[in-house]
Amino acid sequence: MNEQIDVQIKMLDSTLEPPSYAKEGDAGADLRAAVDLELAPGERALVPTGLAIALPAGYVGLVHPRSGLAAKHGITIVNAPGTVDAGYRGEIKVCLLNTDQKETFRVAKGDRIAQLVIQKYETARFIAVDYLPESARGAAGFGSTGLA
Ligand SMILES: O=c1ccn([C@H]2C[C@H](O)[C@@H](COP(=O)(O)OP(=O)(O)OP(=O)(O)O)O2)c(=O)[nH]1
Ligand SMILES: [Mg+2]
């Protein structure tokens, strides 16, 4: 069993279910839409979840897409994964995008639209230098090893 931490949440809409893990051991807790909406092909919308949280210091919330919505309906998150800072006390919102070219996607209030993964993170002291240490990769990137 993984480590569990306590996270205070505030439901801004008491008719919505709080975030929950669908199965024991899941990394992502499902986030629900606080409104009904329609996304036309190619359209995006910032969707409220009715949820505000207070993450402990040293933790970040990452708002990931749901694979089922992606595979079946082409629904993704523009800024995936979204970053919820530990100090953020506002409503968590999800920038949903309908990438399908033909189908309008309908969201009903209460639908699970995204998942929140809570992780520990490090911060860095950025130390300016004139020369970076050498490495095997050097400056090669962006397909330098081939694409297949
Ligand atoms: O998918 C997301 C991403 C962010 N946020 C909230 C929580 C986060 O702490 C805050 C700021 O996010 P971010 O730093 O990604 O956005 P920004 O464009 O840099 O805004 P800011 O200037 O407020 O930092 O917005 C969400 O609710 N959902
Ligand atoms: Mg920011």
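Throughout, residue positions are numbered sequentially from 1 according to the sequence presented. Only this structure's heavy atoms are used, side chains among them; waters, hydrogens and symmetry mates stay out. Numbering of ligands and ligand atoms starts at 1, following listing order.
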Roughly how far, to the nearest 0.5 Å, is CG of Asp111 from CG of Asp30?
11.0 Å
Shortest protein heavy-atom distance from atom 13 (P) of ligand 1, along with the residue and atom involved
Thr83 O, 4.5 Å
Quick one: are Arg137 and Thr145 in side-chain contact, heavy atoms under 4.5 Å?
yes
Is atom NZ of Lys93 surrounded by more than 12 heavy atoms (other residues, nucleotides or ligands) closer than 6.0 Å?
no
Closer than 4.0 Å and a protein heavy atom, does any atom meet both conditions relative to atom 23 (O) of ligand 1?
no
Please indicate, with yes or no, if any protein heavy atom is found under 4.0 Å from atom 16 (O) of ligand 1?
no
Residue Ile92 vicinity, atoms of ligand 1 by number, heavy atom under 4.0 Å
27 (O)
Among all protein non-hydrogen atoms, which one is nearest to atom 28 (N) of ligand 1, and what is the separation to 0.1 Å?
Lys93 O, 2.7 Å
To the nearest 0.5 Å, atom CZ of Arg66 lies from atom CD1 of Ile75 at 12.0 Å
Nearest-neighbour protein heavy atom for atom 14 (O) of ligand 1, which is reported as residue plus atom name and distance
Asp85 OD2, 3.9 Å
Look up atom CG in Leu16 and atom CE in Met11, then write down how far apart they are to the nearest 0.5 Å.
5.0 Å
What residue and heavy atom of the protein are closest to atom 1 (O) of ligand 1, and at what distance?
Asn79 ND2, 3.2 Å
Which atoms form the tightest heavy-atom contact between Pro18 and Ile9, and what is the distance?
CB-CD1, 3.8 Å
